[in-house]
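First up is the structure itself, then whatever we jot down about it.
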2 protein chains.
Amino acid sequence: MQPVFKIKTMENHKSLCPINLALEVFGDKWSLIIIRDMMFEKKRHFRELLQSDEKIASNILTDRLAMLEREGIITKESDPEHKQKIIYSLTLKGIDILPVIIAMGSWSLKYQPVDPEKGKHAQQLAEGGFELQEAIKMGLAEKHLK
Amino acid sequence: MQPVFKIKTMENHKSLCPINLALEVFGDKWSLIIIRDMMFEKKRHFRELLQSDEKIASNILTDRLAMLEREGIITKESDPEHKQKIIYSLTLKGIDILPVIIAMGSWSLKYQPVDPEKGKHAQQLAEGGFELQEAIKMGLAEKHLK
DNA sequence: ATAACTAATTGTAAAATGCAACCAGTTTTT
DNA sequence: AAAAACTGGTTGCATTTTACAATTAGTTAT
């Protein structure tokens with residue numbers, strides 16, 4: 001029996017509904033935390049991402065980084081200056097998750113007991129509107145895309 | 001030993017960051033599917049919600065509905081005309097999750113293999129802008145809020 | 001050479017999810 | 001009035017995911 005080609009377009013999605021397809025990529029407790037830290041805390045290394053307030057476990061972080069890379073949300077490359085260091089970057093597909101994060105932040109500001117200090121970015125982004133959002137995307141693109 | 005009051009403001013949140021606080025409510029594979037069906041498929045009963053393409057299990061649906069009620073996203077009431085029927089409604093807090101769902105839909109339309117039929121709502125909402133979004137919220141408020 | 005740091009991996013326990021069958025009431029059908 | 005079908009669930013069990021702590025091989029700094 002020969003190994004069989006996996007048909008890419010027939011991946012087992014629960015459905016092809018847009019909401020479900022997004023949830024299958026970042027609909028869990030950790031993926032958006034990682035993306036948030038890369039976007040707003042400028043974290044690019046494993047150890048930095050491990051340090052969040054939410055205390056992600058290292059095996060879960062490893063798993064999510066691999067998944068996000070498979071899904072084309074991030075890329076990884078080893079820093080040639082420091083062979084042991086791996087630098088993680090957002091792709092355009094990853095940067096474009098920003099509006100989702102902003103919408104979630106706005107909702108929490110309205111309904112959840114947000115720590116004002118932690119909510120600074122969300123506050124600014126809720127007020128800054130479309131222009132600020134685009135400016136942030138530009139900044140991220142400059143730092144993360146080659 | 002007397003039962004002790006649970007201090008509401010000290011609930012064990014992983015953090016008080018807005019992104020995390022939103023994820024703690026609907027950052028799982030099912031909650032937004034349920035909310036989507038209530039918003040766009042006009043589902044209001046247990047059996048209807050059980051029928052989604054994604055095939056949620058009945059015990060998980062029971063669990064999520066109870067959680068969403070605890071979190072103030074939905075309410076439940078028994079239809080006095082049909083004693084066995086329970087009708088689920090969105091609260092304003094629940095209706096205000098719409099922008100998150102729209103942002104996720106737009107992202108999927110751009111990057112994921114969305115079935116055009118399933119993506120109709122997302123397509124319209126991406127094009128319709130703020131006005132359409134507000135109109136939909138008004139419609140939901142009329143049907144779900146008393 | 002030693003110590004400290006890197007991105008992980010491993011082992012084990014706990015929690016969440018999936019699946020199928022079942023259930024007690026409530027209507028509907030016959 | 002009985003039987004059938006429908007309601008929102010519950011139960012038991014297998015699988016999967018997550019949490020937590022300790023450990024690791026390779027790399028860099030002292």
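Reminder, nothing fancy here: chain letters follow the sequence lines and each chain counts from 1.
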If you look at every strand shown and take non-hydrogen atoms under 4.0 Å, does B:Lys14 touch a base, only sugar-phosphate, or nothing? nothing
Plane angle bin for A:Trp107 and B:Phe26 - parallel if under 30°, tilted between 30 and 60°, otherwise perpendicular: perpendicular
Which angle, to the nearest 10 degrees, lies between the helix axes at the two ends of the helix from C:dA1-D:dT30 to C:dT30-D:dA1, each defined by five pairs? 20°
Whether each nucleotide of nucleotides 25-30 of chain C has a protein heavy atom under 4.0 Å at its base (B), only at its sugar-phosphate (S) or at neither (-) is summarised, 5' to 3', as -SSS--
With sequence neighbours excluded, what pairs up with A:Glu24 under the side-chain hydrogen bond (donor to acceptor under 3.5 Å, both in side chains) test? A:His13, A:Asn20
Ignoring hydrogens and angles, does a donor from either the side chain of A:Ser58 or the base of C:dT9 sit under 3.5 Å from an acceptor on the other? yes
Partners of A:Asp53 by side-chain hydrogen bond (donor to acceptor under 3.5 Å, both in side chains), sequence neighbours excluded? A:Lys118
Interface with DNA chain C, restricted to residues 23-51 of chain B and to heavy atoms under 4.0 Å: B:Trp30
Please state how far atom CG in B:Leu61 lies from atom P in C:dT17, giving the value in whole angstrom units. 13 Å
Rounded to whole angstrom units, what separation is found between the CD1 atom of A:Ile60 and the P atom of C:dT10? 15 Å
Could you check whether A:Lys55 gets within reach of a base, just the sugar-phosphate, or nothing at all, counting any heavy atom under 4.0 Å? nothing
Hey, could you give me the CZ/CD1 distance between B:Arg36 and B:Ile97, rounded to the nearest 0.5 Å? 14.0 Å
I'd like to know if the side chain of B:Ser31 pairs up with that of B:Asp28 as donor and acceptor (distance under 3.5 Å, no hydrogens or angles considered). yes
Between C1' on C:dG11 and CG on A:Asn59, what's the gap in Å once rounded to a whole number? 11 Å
Under the salt bridge (charged side-chain N to carboxylate O under 4.0 Å, His left out) rule, collect the residues that match up with A:Lys146, sequence neighbours excluded. A:Glu77
Under 4.0 Å from a heavy atom of chain B: give me the 5'-most and 3'-most nucleotides of DNA chain D that qualify. D:dT7 to D:dG12
Return each pair, listed once, that meets side-chain hydrogen bond (donor to acceptor under 3.5 Å, both in side chains) where at least one residue sits in residues 125-134 of chain A; pairs must be two or more places apart or across chains. A:Gln123-A:Glu127
Which ILVMFWY residues can you reach from B:Leu109 by hopping between side chains whose heavy atoms are under 4.5 Å apart? A:Leu16, A:Leu21, B:Val114
Is B:Leu132 reachable from A:Ile19 through a run of I, L, V, M, F, W or Y residues, each pair having side-chain heavy atoms under 4.5 Å apart? yes
Under 3.5 Å donor-acceptor pairs involving side-chain atoms of residues 78-90 of chain B, not counting sequence neighbours:
from, atom 1, to, atom 2, distance (Å)
B:Asp79, OD1, B:Glu81, N, 3.0
B:Ser89, OG, B:Arg44, NH2, 2.8

What integer distance in Å separates A:Ile74:CD1 from C:dA7:C1'? 13 Å
Rounding to a whole Å, what distance do you find between A:Ile87:CD1 and C:dC5:P? 20 Å
Please confirm whether B:Lys55 makes a cation-pi placement over B:Trp30, using NZ or CZ under 6.0 Å from the six-membered ring centre and within 45° of the ring normal. no
Using side-chain hydrogen bond (donor to acceptor under 3.5 Å, both in side chains) as the criterion, list what pairs up with B:Glu48, not counting sequence neighbours. B:His45
B:Lys42/B:Asp37 salt bridge by N-O under 4.0 Å criterion: no
Could you state the CG-P distance from B:Asp63 to C:dC19, rounded to the nearest angstrom? 16 Å
Mind checking what makes salt bridge (charged side-chain N to carboxylate O under 4.0 Å, His left out) contact with A:Lys110, not counting sequence neighbours? B:Asp96
